Amino acid sequence: MASLRHVLGLLGFILASAHRHFPLAMLGVVAIVFLVSKRKASVYLLDFNCYKAPDSFRLPKSMFQEHLFLDDKVDPESKAFLNKIFDKAGFSEETCIPPSITELPIKKSLSSALEEAEMVIFPVIHGLLRKNNVSPRSIDILICNTTMFCPTPSLTAMVVNKFRMRSNIKSYNLSGMGCSAGVVSVGLAQDLLRVHRNSLALIVSTEILNMNWYTGKNTSMLITNCLFRMGSAALLMSSRDQDKKVAKYELQHLVRTTRAHDDQSYACVYQDVDSENKVGVSISKSIVNVARDALRADMASLGPLVLPYTEQCRYTWSMIKRKLGIRRKSEIYIPNFRRAFEHFCIHAGGKSVIEAIGKNLKLGEEDLEASKMTLYKFGNTSASSIWYELAYTEAKGRVKVGDRIWQIALGSGFKCNSAVWRCINPTGSEGAKVWEGKMETDSVKVL
């Protein structure tokens, strides 16, 4: 479709000749108005911000072991299992949990969960709006996502109340969508921004740990205590034409894939009660294989949108050979996605998951560095992890104008969602500040 500038130029020509061909000119004006109204509005990411917990919230290995030792509700076998998982988690001594969980006995309550929500949500919104000189009353769309915590009033209502946003704001609260909910929220914002043009959208992605910290003996449910840590991210998105000059990224594609029709995928990450009626989330041993299958399905949808034709042809030819039985033992060709993207932000769900995805995509160590460093320094922060990774890439000074970023989010259901961004302005975001004093030489150790 022609650019808006060309369309306006054509409109001017038609109006200039209107005195000679009035009916034709009017028909042309109608056609131009129709084309402009059907033009999809571009969606931009103006900026984003990530939560950085104070050092007093750290959970070093020594504290984790001490809590296990003093917790008489956990049997010795489970304690040994948890220590083993913690050693393999790939965490530094700097990952954080809310203070209410560090107390003995653990203080699980609605008031503690609400306090934690305010702690991780309010600062990232305040910092983002202040840096970009945006009034809370300028926000037209508000979306919050957190999987396991869904209070009444909702988290969006809590944000509206705190920042005194407008009464006609369009607010949405997403829950139960897992660690892939951040991309789901971006997709919802994209649709809303295109329907309600010239609007601003604020997205908040987080996970509240307090009410969901498992205190039972089921080992598959205890794993979550070793993986999930505090974190949140706030995004400012826009469909206003004038914001292209100040935006950092433009949203190019968004692809969502769910494998919930498959029983193994559906039960892979599952909230349930144990034999003592304690609520927890179990993580299946098959999660790596489930994630791989979900990623392949998502790649099949995303590939035609982003890959060069040569890569698409090589993939198609390998599929034809497999179908015809020419080379039954040969593997299906995995396209080289490094020809489509300069940077990769893979959900920091766990060390084994990151490495398995990297192997399937045939990525190098530098491609996985942002994901591994996020896991190492912040742990699995759920839906916000892909923003810590983009912030890391920015803080390293690697993002250039025109670079394409592939964010891969994985979550319960099982879902694999992709967001593709193109860099417009490589100026560091507010979120990059979360890495100040955290990079040093640790990337060498992690890789």
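Just so you know, these numbers use all the heavy atoms, side chains as well, and skip hydrogens, waters and symmetry mates. These numbers were taken from a predicted model, which means no experiment stands behind them. Each residue takes its place number in the sequence, starting with 1.
If you check the side chains of Trp421 and Gln407, you find a donor sitting under 3.5 Å from an acceptor. No hydrogens or angles considered: a donor-acceptor pair under 3.5 Å links the side chains of Ser384 and Thr381. A side-chain donor-acceptor contact under 3.5 Å links Thr146 and Glu207. Judged by distance alone, the side chains of Asp403 and His343 do bring a donor and an acceptor atom under 3.5 Å apart. Counting only N and O atoms by type, the side chains of Arg229 and Asn380 include no donor and acceptor under 3.5 Å apart.
Residues Leu200 and Asp243 share a closest heavy-atom pair of CD2-OD2, 4.1 Å.
From Met158, atom CE reaches atom SG of Cys144 across 7.5 Å, with rounding to the nearest 0.5 Å. Rounded to the nearest 0.5 angstrom, Ser282 OG and Ile223 CD1 are separated by 9.0 Å. In this structure, CD in Glu366 is found 9.5 Å from CZ in Arg338, a value given to the nearest 0.5 Å. If you take CD1 on Ile97 and CD on Glu116, they are separated by 9.5 Å, rounding to the nearest 0.5 Å. Of the inter-residue distances, the one linking Lys400 atom NZ with Glu342 atom CD reads 12.0 Å to the nearest 0.5 angstrom. To the nearest 0.5 Å, atoms SG (Cys50) and CD1 (Ile386) are separated by 10.0 Å.
Formation of a donor-acceptor pair under 3.5 Å by the Arg58 side chain with backbone atoms of Glu93 is found in this model. Panel note: side chain Glu311, backbone Asn336; a donor-acceptor pair is recorded below 3.5 Å. A donor-acceptor distance shorter than 3.5 angstrom exists from the side chain of Ser232 to the backbone of Val120, with no hydrogens or angles considered. Within the 3.5 Å criterion, the main-chain N or O of Gly411 finds no donor-acceptor partner in the side chain of His347. In this structure a side-chain-to-backbone donor-acceptor pair under 3.5 Å is present from Asn210 to Lys107. Remark: side-chain polar atoms of Lys362 are not paired, donor with acceptor, to backbone N or O of Ile334 under 3.5 angstrom. Judged purely by atom type and a 3.5 angstrom limit, Asn49 uses its side chain to pair as donor or acceptor with the backbone of Val124. Listed for the Ser239 side chain is a donor-acceptor partner under 3.5 Å among the backbone atoms of Leu193. Under a 3.5 Å cut-off, the side chain of Asp274 and the backbone N or O of Lys278 do form a donor-acceptor pair. A donor-acceptor pair is defined here as one N or O able to donate and one able to accept, closer than 3.5 Å; such a pair exists between the side chain of Ser154 and the backbone of Ala157.
Counting heavy atoms from C-beta on, the side chains of Met211 and Met148 never come closer than 4.5 Å. Within the 4.5 Å cutoff, no side-chain heavy atoms of Ile143 are placed close to those of Val204. Side-chain contact check for Arg164 versus Pro136: every heavy-atom pair is 4.5 Å or farther apart. For the pair Lys415/Leu410, no side-chain contact is recorded, criterion being any heavy-atom separation below 4.5 Å from C-beta on. Taking the side chain as every heavy atom from C-beta outward, Val184 and Arg256 approach each other to under 4.5 Å. At least one side-chain heavy atom of Cys345 sits less than 4.5 Å from a side-chain heavy atom of Ile405. Side-chain contact between Leu361 and Met299 is present, with at least one heavy-atom pair separated by less than 4.5 Å. Using a 4.5 Å cut-off on side-chain heavy atoms (C-beta onward), Asn145 and Met177 make no contact.
Counting non-hydrogen atoms of other residues, nucleotides and ligands closer than 6.0 Å to NZ of Lys108 gives a total above 12. The 12-atom threshold is not exceeded at CD of Glu77, counting heavy atoms of other residues, nucleotides or ligands nearer than 6.0 Å. Within a 6.0 Å sphere centred on CD of Glu115, other residues, nucleotides and ligands contribute 12 heavy atoms or fewer.
For the ring pair (Phe, Tyr, Trp, His ring centres under 6.0 Å) condition, no pair includes a residue of residues 210-263, sequence neighbours left out.
A side chain to side chain donor-acceptor pair (under 3.5 Å) with Tyr392 is found for exactly one of Glu369, Lys438, Arg398, Lys377, namely Glu369. Residue Leu46 is tested with Leu128, Leu236, Val134 for a side chain to side chain contact (heavy atoms under 4.5 Å, CB included); the sole match is Leu236. When each of Tyr51, Trp435, Trp387, Phe57 is paired with Phe378, the ring pair (Phe, Tyr, Trp, His ring centres under 6.0 Å) condition holds for Trp435 and for no other.
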ask   = Ile424 and Lys248: side-chain contact (heavy atoms from CB on, under 4.5 Å), yes or no, with the steps?
value = CA-CA 5 Å; Ile424 300 174; Lys248 289 179 171 51; over 6 Å; no
> Can you list the steps and then say if Ser352 with Glu355 is a side-chain contact (heavy atoms from CB on, under 4.5 Å)?
Replying inline: CA-CA 5 Å; Ser352 58; Glu355 290 178 347; 5.6 Å; no
- Which is it for Thr374 and Ser371 under the side chain to side chain donor-acceptor pair (under 3.5 Å) test, yes or no, and what are the steps along the way? CA-CA 5 Å; Thr374 296; Ser371 301; over 6 Å; no
Worked check of side-chain contact (heavy atoms from CB on, under 4.5 Å) between Leu114 and Leu110: CA-CA 6 Å; Leu114 288 170; Leu110 177 61; 4.1 Å; yes
Verdict with reasoning, Asp272 to Met221, per side-chain contact (heavy atoms from CB on, under 4.5 Å):
CA-CA 9 Å; Asp272 206 347; Met221 292 180 174; 3.9 Å; yes
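Relative ring orientation between Phe341 and Phe337 is described as parallel, the plane-to-plane angle staying below 30° on a 0-90° scale split at 30° and 60°.
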Tabulate below the donor-acceptor pairs under 3.5 Å that side-chain atoms of residues 80-91 make, not counting sequence neighbours, or state none.
| unit_1 | atom_1 | unit_2 | atom_2 | d |
| --- | --- | --- | --- | --- |
| Asn83 | ND2 | Lys79 | O | 3.2 |
| Asp87 | OD1 | Lys61 | NZ | 2.4 |

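Comment: Arg422 engages Glu250 in a salt bridge, judged by a side-chain N to carboxylate O separation of less than 4.0 angstrom.
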